[in-house]
Amino acid sequence: MATSLTAAVSLPSSKSSSSSTSALSSRTSSIFSDRISFPKNSAYTGGISISNNAVTITSQVTTTEAAPVKVEKISKKDDEGIVVNKFKPKNPYIGRCLLNTKITGDDAPGETWHMVFTTEGEVPYREGQSIGIIPEGVDKNGKPHKLRLYSIASSAIGDFGDSKTVSLCVKRLVYTNDQGEEVKGVCSNFLCDLKPGSEVTITGPIGKEMLMPKDPNATIIMLGTGTGIAPFRSFLWKMFFEKHENYKFNGLAWLFLGVPTSSSLLYKEEFELMKEKAPENFRLDFAVSREQTNDKGEKMYIQTRMAQYAEELWELLKKDNTFVYMCGLKGMEKGIDDIMVSLAAKDGIDWLEYKRTLKKAEQWNVEVY
Ligand SMILES: Cc1cc2nc3c(=O)[nH]c(=O)nc-3n(C[C@H](O)[C@H](O)[C@H](O)COP(=O)(O)OP(=O)(O)OC[C@H]3O[C@@H](n4cnc5c(N)ncnc54)[C@H](O)[C@@H]3O)c2cc1C
Ligand SMILES: NC(=O)c1ccc[n+]([C@@H]2O[C@H](COP(=O)([O-])OP(=O)(O)OC[C@H]3O[C@@H](n4cnc5c(N)ncnc54)[C@H](OP(=O)(O)O)[C@@H]3O)[C@@H](O)[C@H]2O)c1
């Protein structure tokens with residue numbers, strides 16, 4: 001079923017862009033309206049099968065009043081209207097750079113840029129998807145460069161609310177190789193150096209792992225390191241800066257963002273504004289690894305910050321409408337698993353098994369690199 005909605009964006013006052021309204025289509029079905037919850041101190045075994053339009057979960061819960069539970073669920077990935085791979089490397093979309101701004105301080109270790117490209121509505125993406133970029137020029141063999149993937153940092157209606165742009169958050173890759181030479185990453189440097197008006201070759205959109213849950217009352221825990229913030233900016237704009245006829249977020253959004261220094265905190269002002277607007281619905285925690293430590297003097301990584309709320313997070317994870325999303329550095333996944341293992345063990349639960357069940361129910365969503 002397709003219905004139309006009218007969406008209006010109210011941009012943060014610090015931005016100089018104008019607001020506007022736009023029309024776009026969206027299906028109004030809610031994801032996982034019926035879910036399984038696992039009682040405390042229970043053991044379970046289960047099976048999951050995925051067919052065209054439904055995920056069927058069979059779960060055997062062993063408690064005093066245990067009974068097998070069978071629940072039909074609709075996967076977010078089956079939502080109609082999600083476009084994947086409309087543009088491929090042989091048939092890319094050529095957009096233009098509208099603006100490109102460095103969003104890290106001059107003393108930050110490394111540069112991160114926020115950039116907006118025109119799409120004229122031709123690249124119909126959803127929050128949580130990525131696009132491919134083919135950098136200009138050729139590789140050392142004289143062949144066109146291969147595409148690189150970037151998580152989309154704007155909501156589906158774009159930073160200007162007219163569904164005609166897509167934004168990225170890109171870290172400029174620069175490193176020293178074994179020979180002591182400075183090497184610049186091809187695509188990230190191409191993007192960070194793009195001037196307004198320049199052409200940019202786009203493929204996609206792609207990816208379904210990081211799509212948002214539709215349930216407006218869900219608890220959404222977002223774990224991002226560095227540019228891994230991109231999909232969460234897109235979620236949070238939809239939740240707190242936009243008005244949608246068929247979506248009004250009234251759950252809990254909890255963002256943990258890990259960065260090296262306070263000068264590399266990305267989109268901080270936007271998130272603080274969201275917190276002012278919706279203090280009951282938004283929690284915000286930063287982990288600034290090179291400036292902060294915990295009580296034991298350990299480096300403040302995202303998982304170190306999460307550990308300070310361990311019990312609370314574990315209680316939330318037991319709810320059937322809590323959805324965790326992780327994006328950024330690959331290393332963060334193990335650190336987060338490590339704190340979850342001990343929490344789950346307190347309830348006699350094997351974390352890795354529980355995580356598998358959460359993953360299958362689309363409650364544990366990971367895109368790390
Ligand atoms: C799904 C997905 C989403 C992504 N989203 C984003 C995003 O939102 N923002 C973002 O900035 N990036 C994102 N990335 C990463 C992005 O795709 C590129 O990999 C990144 O920008 C580097 O590309 P490049 O062309 O600049 O570097 P390349 O020229 O491709 O060079 C990268 C290569 O350099 C080498 N290298 C890198 N660092 C070092 C080092 N320290 N020492 C030695 N060798 C090294 C490695 O061999 C590496 O493969 C994402 C990746 C994926 C898979
Ligand atoms: N969807 C995706 O796959 C996706 C999307 C966006 C970005 N990315 C990738 O994610 C990475 C983000 O890098 P960035 O340069 O933007 O980040 P950054 O600014 O360097 O921040 C990364 C933060 O994570 C910390 N960190 C390092 N190791 C960690 C670990 N094991 N566990 C937890 N935290 C850890 C860093 O601390 P210290 O530096 O102080 O050690 C730093 O505070 C890039 O490689 C980017 O390409 C992937």
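Numbers here simply count residues along the sequence, with the first being 1. Each ligand, and each atom within it, is numbered from 1 in the order the structure gives. On a predicted model such as this, the values are computed, not experimentally measured, just so you know.
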Closest to atom 27 (C) of ligand 2 among protein heavy atoms sits Leu329 CD1, 3.3 Å
Taking distance alone, with no angle check, do Ala287 and ligand 2 share an N/O pair under 3.5 Å?
no
What protein heavy atom sits nearest atom 38 (P) of ligand 2, and how far away is it?
Ser289 OG, 3.5 Å
shortest atom 17 (O) of ligand 2-to-protein heavy-atom contact is with Gly226 CA, 3.3 Å
Using the ring of Tyr309 (Phe, Tyr or Trp, six-membered ring only), decide whether Arg283 places NZ or CZ under 6.0 Å from its centre and within 45 degrees of its axis.
yes
Please say whether more than 12 non-hydrogen atoms of neighbouring residues, nucleotides or ligands are located less than 6.0 Å from NZ in Lys208.
yes
Asp106 CG: over 12 foreign heavy atoms closer than 6.0 Å
no
Answer side chain, backbone, both or neither: which part of Cys327 comes under 4.0 Å from ligand 2, heavy atoms only.
side chain
Examine the proximity of ligand 2 to Lys299 and report which part, side chain or backbone, both or neither, has a heavy atom under 4.0 Å away.
side chain
Just which atoms of ligand 1 are under 4.0 Å from any heavy atom in Val170?
11 (O)
Nearest non-hydrogen protein atom, atom 3 (C) of ligand 1
Ser151 OG, 3.6 Å
Proximal candidate to atom 5 (C) of ligand 2 [heavy atom criterion; set Gly185, Ser151, Pro231, Gly328]:
Ser151
Under 3.5 Å, is there a donor-acceptor pair between the side chain of Asn141 and the main chain of Lys143?
no
In this structure, are over 12 heavy atoms from other groups packed under 6.0 Å from Glu367 atom CD?
yes
Counterpart residues, side-chain hydrogen bond (donor to acceptor under 3.5 Å, both in side chains), relative to Thr104 (two or more places apart)
none
Among all the protein's non-hydrogen atoms, which is closest to atom 30 (O) of ligand 1, and how far away is it?
Arg148 NH2, 2.9 Å
Shortest non-hydrogen contact from Ile220 toward Met239:
CD1-CE, 3.5 Å
Is Asn189 in polar range of ligand 1, meaning some N or O pair under 3.5 Å apart?
no
Show, in sequence, the C-alpha distance, side-chain angles and deciding distance for Leu191 and Tyr150, and conclude whether the side chain to side chain contact (heavy atoms under 4.5 Å, CB included) test is met.
CA-CA 11 Å; Leu191 287 171; Tyr150 292 90; 3.7 Å; yes
With a cut-off of 6.0 Å (strictly less than), are more than 12 heavy atoms of other residues, nucleotides or ligands near NZ of Lys102?
yes
Indicate yes or no: does Lys275 engage Glu272 in a salt bridge with an N to O separation below 4.0 Å.
no
Within 45° cone of Phe256 ring axis and under 6.0 Å: Arg305 NZ or CZ:
no
Short check: is a protein heavy atom less than 4.0 Å from atom 9 (N) of ligand 1?
yes
Atom 16 (O) of ligand 2: which of Ile336, Thr227, Val288 has the nearest heavy atom?
Thr227
Atom 15 (O) of ligand 2 sits nearest the protein heavy atom Lys171 NZ, 2.6 Å
Which one of Leu149, Asp178, Asn177 has a non-hydrogen atom at the shortest distance from atom 50 (C) of ligand 1?
Leu149
Can you check whether Trp364 and Tyr354 have ring centres sitting under 6.0 Å from each other?
no
Starting from atom 29 (O) of ligand 1, which protein heavy atom do you reach first, and at what distance in Å?
Val186 N, 2.8 Å
May I ask you to check if ligand 1 and Leu173 share an N or O to N or O distance below 3.5 Å?
no
Counting both backbone and side chain atoms, is some N or O of Gln303 under 3.5 Å from an N or O of ligand 2?
yes
Indicate whether the side chain of Ser154 and that of Tyr125 have a donor and an acceptor atom separated by less than 3.5 Å.
yes
Mark up the atoms of ligand 2 that fall under 4.0 Å of a heavy atom belonging to Tyr369, in ascending order.
3 (O), 47 (O), 48 (C)
Please say whether more than 12 non-hydrogen atoms of neighbouring residues, nucleotides or ligands are located less than 6.0 Å from NZ in Lys184.
no
For ligand 1 and Ser130, I'd like to know whether there is a polar contact (N/O to N/O, distance under 3.5 Å).
no
Region of Val368 that comes within reach of ligand 2 [heavy atoms, distance under 4.0 Å]:
backbone
Any heavy atom of Glu367 under 4.0 Å from ligand 2? The part involved is both
Among all protein non-hydrogen atoms, which one is nearest to atom 18 (C) of ligand 1, and what is the separation to 0.1 Å?
Tyr150 OH, 3.8 Å
Top protein contact for atom 53 (C) of ligand 1, by heavy-atom distance:
Tyr369 CD1, 3.7 Å
Top protein contact for atom 34 (O) of ligand 1, by heavy-atom distance:
Tyr175 OH, 3.3 Å
Find out if a path of hydrophobic residues (ILVMFWY) with successive side-chain heavy-atom gaps under 4.5 Å connects Val259 to Leu284.
yes
Give a yes or no answer on whether the side chain of Thr119 reaches the backbone of Val166 with a donor-acceptor pair at less than 3.5 Å.
no
Sub-4.0 Å heavy-atom approach of Ala230 to ligand 2:
no
Under 4.0 Å to a heavy atom of Arg290 - the qualifying atoms of ligand 2, by number
38 (P), 39 (O), 40 (O)
Is the closest N or O pair between Lys171 and ligand 1 shorter than 3.5 Å?
yes
Apply side chain to side chain contact (heavy atoms under 4.5 Å, CB included) to residues Glu311 and Lys346 and explain how you reach the verdict.
CA-CA 10 Å; Glu311 300 295 336; Lys346 282 188 198 163; 2.8 Å; yes
Atoms in ligand 2 flagged as close to Pro260, the criterion being non-hydrogen separation under 4.0 Å
18 (P), 19 (O), 21 (O), 42 (C), 43 (O)
Can you tell which of Phe240, Trp237, Phe282 makes a ring pair (Phe, Tyr, Trp, His ring centres under 6.0 Å) with Phe249?
Phe240
Scan the protein's non-hydrogen atoms and note whether one is under 4.0 Å from atom 48 (C) of ligand 1.
no
Within-cutoff protein neighbour (heavy atom, under 4.0 Å) for atom 21 (O) of ligand 1
yes
Distance filter under 4.0 Å to Val259 heavy atoms, resulting ligand 2 atoms:
42 (C), 43 (O)
Atom indices of ligand 1 within 4.0 angstrom of Cys187 heavy atoms, with elements
24 (P), 25 (O), 26 (O)
Short version for Cys169: what comes under 4.0 Å of ligand 1, heavy atoms counted, is backbone
Ionic contact status for Arg233 with Asp159, cut-off 4.0 Å
yes
Atom 40 (C) of ligand 1 protein-contacted (non-hydrogen atom, under 4.0 angstrom)
yes
Crowded around Glu280 CD? As in, over 12 foreign heavy atoms under 6.0 Å?
no
Any idea which protein heavy atom is nearest atom 26 (O) of ligand 1, and the distance to it?
Ser188 OG, 2.5 Å
Evaluation steps, side chain to side chain contact (heavy atoms under 4.5 Å, CB included), between Glu209 and Lys77
CA-CA 8 Å; Glu209 171 82 7; Lys77 296 175 186 173; 3.8 Å; yes
Any N/O of Gly228 closer than 3.5 Å to an N/O of ligand 2?
no
